[in-house]
J.: 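Attaching a single structure in structure tokens format; questions to follow.
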Amino acid sequence: MKHLFNEKYLVASVKNAVRILRLFTPKQNELGITELSKHLGLPKSNVHRYVRELVREGFLIQNKLNGYYRLGPSNLSLGGIVQLNKETYADAKPILAKLANRFHLPAHICVMEHNHVVYLLREMGDKPVKLITKSGRHNDLHCTAEGLVILAFKSKDIIDNVLTQSLKMYTKYTITDPSLLKQKILKIHRDQYAITEDMYADGFISLAAPIQDYTGEVVSSLSLIGESKNVNKSELDEIIKEVQKSAKKISELLGYYDH
């Protein structure tokens, strides 16, 4: 009898957690405990307990300014990348726009899905440029800075899995040798940023930095991608520092604090 009670309690808890997540929409992307309680018809104490667990697992994050909750980065791993997930990074749009305008290159937020990098958000900046990316597009990890900078902070098993796949050669500069690619990944991890040039498309450069969530895990990347001729190589150090600084600001929006 006790076993049946525990099983029913567990099923009810899972259902209520899912009900909470479904209440968040692009138009209603932040909710408080009181609102959630009213929508669900549950006591505030119960809702608070569910929310606390969802925050702990990264499915919800709390806005420190008003105490409300919004969808967290863990939702990105469920069911692929959908429009709703973009709300996780909604507050980062001004940061992307500022970066894009400063260096006149499109700024992106990307996430890793299986063995691919997905372009979640993009800000074009104030000057027209030639594009090779679009929101929702999937690319291979091994030939892009935005993908490699996420991969570099994943577990050894995940990295090895990517390295054992067939690595497509897009240009003569694409690294397809697993041992050479592993060396590049280790360097990216040490440097805390990635640069790739001509590896995915001739004449294009990408610079990327990791974005961390509230647990410290790298869950996405911030990148500038554009034609190499539009990038002053003497300014590379400055560009990289600004990309890293902006990535840190976005990490803080996701609840990460570097103590």
Side-chain angles (χ1 to χ4, degrees), residues 81 96 99-100 103-125 127 129-211 218-244 246-247:
I81 308 303
L96 262 70
L99 192 65
F103 297 108
H104 310 300
L105 295 169
H108 305 71
I109 287 180
C110 301
V111 295
M112 179 176 167
E113 187 179 51
H114 304 303
N115 287 339
H116 294 87
V117 62
V118 182
Y119 299 84
L120 195 63
L121 290 177
R122 181 180 68 196
E123 287 291 332
M124 291 296 298
K127 286 190 175 181
V129 294
K130 185 176 180 180
L131 294 175
I132 56 171
T133 63
K134 64 179 180 179
S135 295
R137 178 172 179 161
H138 290 61
N139 267 347
D140 289 335
L141 290 166
H142 70 282
C143 55
T144 64
E146 55 273 20
L148 287 172
V149 83
I150 303 175
L151 181 63
F153 293 89
K154 295 302 180 183
S155 68
K156 182 179 181 299
D157 288 343
I158 292 176
I159 293 173
D160 288 345
N161 180 56
V162 172
L163 294 178
T164 56
Q165 304 296 316
S166 176
L167 302 175
K168 182 178 177 180
M169 179 171 282
Y170 288 90
T171 73
K172 64 180 181 180
Y173 298 104
T174 306
I175 301 175
T176 58
D177 182 300
S179 60
L180 293 178
L181 191 59
K182 190 166 188 176
Q183 289 178 27
K184 186 173 182 66
I185 289 170
L186 291 173
K187 185 178 188 303
I188 290 170
H189 190 278
R190 288 194 303 270
D191 294 342
Q192 303 283 302
Y193 68 85
I195 298 178
T196 58
E197 188 169 6
D198 301 324
M199 281 183 59
Y200 174 68
D202 287 320
F204 280 83
I205 188 171
S206 175
L207 308 95
I211 296 172
V218 172
V219 293
S220 53
S221 64
L222 172 64
S223 63
L224 288 174
I225 305 170
E227 292 183 90
S228 301
K229 66 181 182 181
N230 295 329
V231 178
N232 187 335
K233 297 301 170 63
S234 66
E235 295 180 349
L236 274 182
D237 287 344
E238 180 188 354
I239 296 173
I240 291 164
K241 286 179 181 178
E242 287 303 314
V243 172
Q244 288 178 309
S246 298

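Excluded from the calculations below are hydrogen atoms, water molecules and symmetry mates; all remaining heavy atoms, backbone and side chain alike, are included.
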J.: Would a distance-only check, ignoring hydrogens and angles, find a side-chain to backbone donor-acceptor pair under 3.5 Å from Gln165 to Asn161?
T.: yes
J.: Would the distance check show the side chain of Thr174 and the main-chain N or O of Met169 forming a donor-acceptor pair, the cut-off being under 3.5 Å?
T.: no
J.: Show the numbers, then the answer: is there a side-chain contact (heavy atoms from CB on, under 4.5 Å) between Glu123 and Leu99?
T.: CA-CA 9 Å; Glu123 287 291 332; Leu99 192 65; over 6 Å; no
J.: Can you find a heavy atom in the side chain of Leu163 that is under 4.5 Å from one in the side chain of Ile185?
T.: yes
J.: Got a donor-acceptor contact below 3.5 angstrom from the Asp140 side chain to the Cys143 backbone?
T.: no
J.: Working note: Glu146 + His108, criterion side-chain contact (heavy atoms from CB on, under 4.5 Å); need CA distance, chi angles, decisive distance, verdict.
T.: CA-CA 9 Å; Glu146 55 273 20; His108 305 71; over 6 Å; no
J.: Between CG of Leu105 and CD1 of Ile205, what distance do you get to the nearest 0.5 Å?
T.: 9.0 Å
J.: Measuring from atom CG of Leu222 to atom OG of Ser246, what distance do you get when rounded to the nearest 0.5 angstrom?
T.: 6.0 Å
J.: Between the side chains of Asp160 and Lys182, is the shortest nitrogen-to-carboxylate-oxygen separation below 4.0 Å, so that they form an ion pair?
T.: yes
J.: Measuring from atom CG of Asn115 to atom CG of Asn139, what distance do you get when rounded to the nearest 0.5 angstrom?
T.: 13.5 Å
J.: What verdict does the side-chain hydrogen bond (donor to acceptor under 3.5 Å, both in side chains) test give for Asn232 and Ser234, after you've listed the backbone C-alpha separation in whole Å, the side-chain angles of each residue and the deciding distance to 0.1 Å?
T.: CA-CA 5 Å; Asn232 187 335; Ser234 66; 2.6 Å; yes
J.: Can you see which heavy atom on Tyr173 is nearest to which on Met199, and at what distance?
T.: O-CG, 3.4 Å
J.: Quick one, Ile150 and Leu141 - any side-chain contact, counting heavy atoms below 4.5 Å?
T.: no
J.: Out of curiosity, Leu236 CG to Glu238 CD, how far, rounded to the nearest 0.5 Å?
T.: 10.5 Å
J.: How close do Ala247 and Pro210 get, counting heavy atoms only, and between which atoms?
T.: CB-O, 3.4 Å
J.: Only one of Val118, Val149, Leu120, Val111 passes side-chain contact (heavy atoms from CB on, under 4.5 Å) with Ser220; say which it is.
T.: Val111
J.: Inspect the surroundings of NZ in Lys154 and state if more than 12 heavy atoms from other residues, nucleotides or ligands are less than 6.0 Å away.
T.: yes
J.: What closest approach, in Å, do Tyr200 and Tyr170 show between heavy atoms, and which atom pair accounts for it?
T.: O-CB, 3.4 Å
J.: Would you indicate whether the side-chain heavy atoms of Ile175 and His142 approach each other to under 4.5 Å?
T.: no
J.: Provide the closest heavy-atom pair for Ala194 versus Ile188 in the form atom of the first, atom of the second, distance.
T.: CB-CD1, 3.6 Å
J.: Any idea which heavy atoms bring Gly147 and Thr144 closest together, and the distance?
T.: N-OG1, 3.1 Å
J.: Atom CG in Leu224, atom CG in Asn230: separation rounded to 0.5 Å?
T.: 12.0 Å
J.: Mind running side-chain contact (heavy atoms from CB on, under 4.5 Å) on Met112 and Leu151 for me, showing each step along the way?
T.: CA-CA 8 Å; Met112 179 176 167; Leu151 181 63; 4.2 Å; yes
J.: Among Val243, Leu148, Ile240, exactly one meets side-chain contact (heavy atoms from CB on, under 4.5 Å) together with Ile195. Which residue is that?
T.: Ile240
J.: Does Asp191 reach the main-chain N or O of Tyr193 with its side chain, forming a donor-acceptor pair under 3.5 Å?
T.: no
J.: Start with the C-alpha distance between Ile225 and Tyr119, add both sets of side-chain angles, then the distance that settles side-chain contact (heavy atoms from CB on, under 4.5 Å), and finish with yes or no.
T.: CA-CA 11 Å; Ile225 305 170; Tyr119 299 84; 3.9 Å; yes
J.: In Å and rounded to the nearest 0.5 Å, what is the CG to OG distance from Leu207 to Ser223?
T.: 8.5 Å
